[in-house]
Amino acid sequence: MEEIIFEIISNGGNAKSLAYEAIEASEKRDYEKAEELLVEANEFLKKAHKVQTSIITDEVNGNHITVSVLFVHAQDHLMTAMEVRDLANILIRQNKRLNELEKKLS
């Protein structure tokens with residue numbers, strides 16, 4: 001079970017890092033790179049979510065798991081990674097709009 005938990009943590013952490021990198025790329029007006037990083041972040045989130053779904057499916061099928069602090073930590077990691085990804089999308093859109101406005105003003 002620990003290996004499964006660490007898979008969620010690892011994939012969630014990778015996704016979160018990539019989302020932050022995407023925000024930084026957009027701040028440098030490298031929107032193509034930002035989009036590439038978000039695509040990569042989404043792939044890590046899909047992997048983590050797939051593992052999470054398998055745990056939930058096992059639980060529904062009667063294979064109960066012991067909920068540990070580490071498992072809760074993994075869930076927190078995944079949820080915050082998803083939230084950072086969503087916020088990255090918003091910030092990148094705003095950076096694009098800001099860049100367009102700056103172009104019009106110059």
Side-chain angles (χ1 to χ4, degrees):
M1 186 52 137
E2 283 83 15
E3 286 180 30
I4 292 169
I5 290 169
F6 280 113
E7 190 173 345
I8 294 171
I9 292 170
S10 175
N11 285 311
N14 288 337
K16 191 183 327 182
S17 294
L18 289 163
Y20 280 122
E21 286 181 43
I23 294 167
E24 289 176 16
S26 76
E27 289 173 345
K28 296 175 184 173
R29 299 179 177 161
D30 190 349
Y31 303 111
E32 185 176 324
K33 180 69 173 176
E35 292 302 321
E36 289 171 6
L37 290 164
L38 284 179
V39 167
E40 191 175 353
N42 284 331
E43 290 304 313
F44 280 108
L45 285 174
K46 285 179 190 175
K47 289 177 186 178
H49 192 260
K50 183 177 179 181
V51 173
Q52 180 192 45
T53 301
S54 71
I55 293 170
I56 292 169
T57 301
D58 284 349
E59 181 80 16
V60 168
N61 289 328
N63 300 322
H64 301 289
I65 64 159
T66 302
V67 177
S68 65
V69 173
L70 192 58
F71 180 73
V72 172
H73 178 65
Q75 294 301 300
D76 286 344
H77 243 306
L78 178 55
M79 297 311 297
T80 57
M82 293 170 75
E83 195 61 36
V84 169
R85 185 265 328 262
D86 293 345
L87 289 171
N89 280 312
I90 293 167
L91 288 170
I92 291 166
R93 281 195 313 269
Q94 288 179 346
N95 284 337
K96 284 180 182 177
R97 289 176 58 201
L98 180 61
N99 183 245
E100 290 301 315
L101 287 171
E102 287 173 340
K103 284 180 185 177
K104 289 178 182 179
L105 290 174
S106 55

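The basis for the numbers below is simple: all heavy atoms, side chains too, and nothing from hydrogens, waters or symmetry mates.
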With sequence neighbours left out, write down each residue that passes side-chain hydrogen bond (donor to acceptor under 3.5 Å, both in side chains) with N95, or none if nothing qualifies.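 Expected list: S26.
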Which other residues belong to the hydrophobic cluster containing I9, where Ile, Leu, Val, Met, Phe, Trp and Tyr are joined when side-chain heavy atoms lie under 4.5 Å apart, directly or via other members?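 Grouped by the 4.5 Å side-chain rule, M1, I4, I5, F6, I8, L45, V51, I55, I65, V67, L70, F71, V72, L78, M79, M82 form the rest of the cluster around I9.
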Is V60 isolated, or which residues cluster with it under the ILVMFWY side-chain rule of less than 4.5 Å, directly or via members?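 Once heavy-atom contacts under 4.5 Å are chained together, V60 belongs with I56.
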Quick one: list whatever passes side chain to side chain contact (heavy atoms under 4.5 Å, CB included) with T57, sequence neighbours left out. T53, N61
Would you list the pairs meeting ring pair (Phe, Tyr, Trp, His ring centres under 6.0 Å) in which at least one residue belongs to residues 77-104, sequence neighbours left out? H73-H77
Selection residues 82-106 - residue pairs positive for ring pair (Phe, Tyr, Trp, His ring centres under 6.0 Å), sequence neighbours left out: none
Among all residues two or more places apart in sequence or in another chain, which pass the ring pair (Phe, Tyr, Trp, His ring centres under 6.0 Å) test with H49?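 Here no residue qualifies.
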Distance-only criterion, 3.5 Å: show the donor-acceptor pairs between side-chain atoms of residues 33-40 and protein atoms not counting sequence neighbours.
none

Which side-chain N or O atoms in residues 16-25 pair as donor and acceptor under 3.5 Å with protein atoms at least two apart or in another chain?
| unit_1 | atom_1 | unit_2 | atom_2 | d |
| --- | --- | --- | --- | --- |
| K16 | NZ | T80 | OG1 | 3.2 |
| S17 | OG | G13 | O | 3.2 |

Could you give all pairs that pass the salt bridge (Lys or Arg N to Asp or Glu O under 4.0 Å) test and reach residues 43-57, with sequence neighbours left out?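 Checked against salt bridge (Lys or Arg N to Asp or Glu O under 4.0 Å) - neighbours excluded - the pairs reaching residues 43-57 are E43-K46.
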Salt bridge (Lys or Arg N to Asp or Glu O under 4.0 Å) partners of residues 74-93, not counting sequence neighbours, each pair once: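 The answer is none; no pair qualifies.
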Non-hydrogen atoms of G12 and A48 that approach each other most closely: N-CB, 4.3 Å
Just list the side-chain donor-acceptor pairs under 3.5 Å for residues 96-106, sequence neighbours left out, or say none.
| unit_1 | atom_1 | unit_2 | atom_2 | d |
| --- | --- | --- | --- | --- |
| E102 | OE1 | R29 | NH2 | 2.3 |
| S106 | OG | E102 | O | 3.2 |
| S106 | OG | K103 | O | 3.2 |

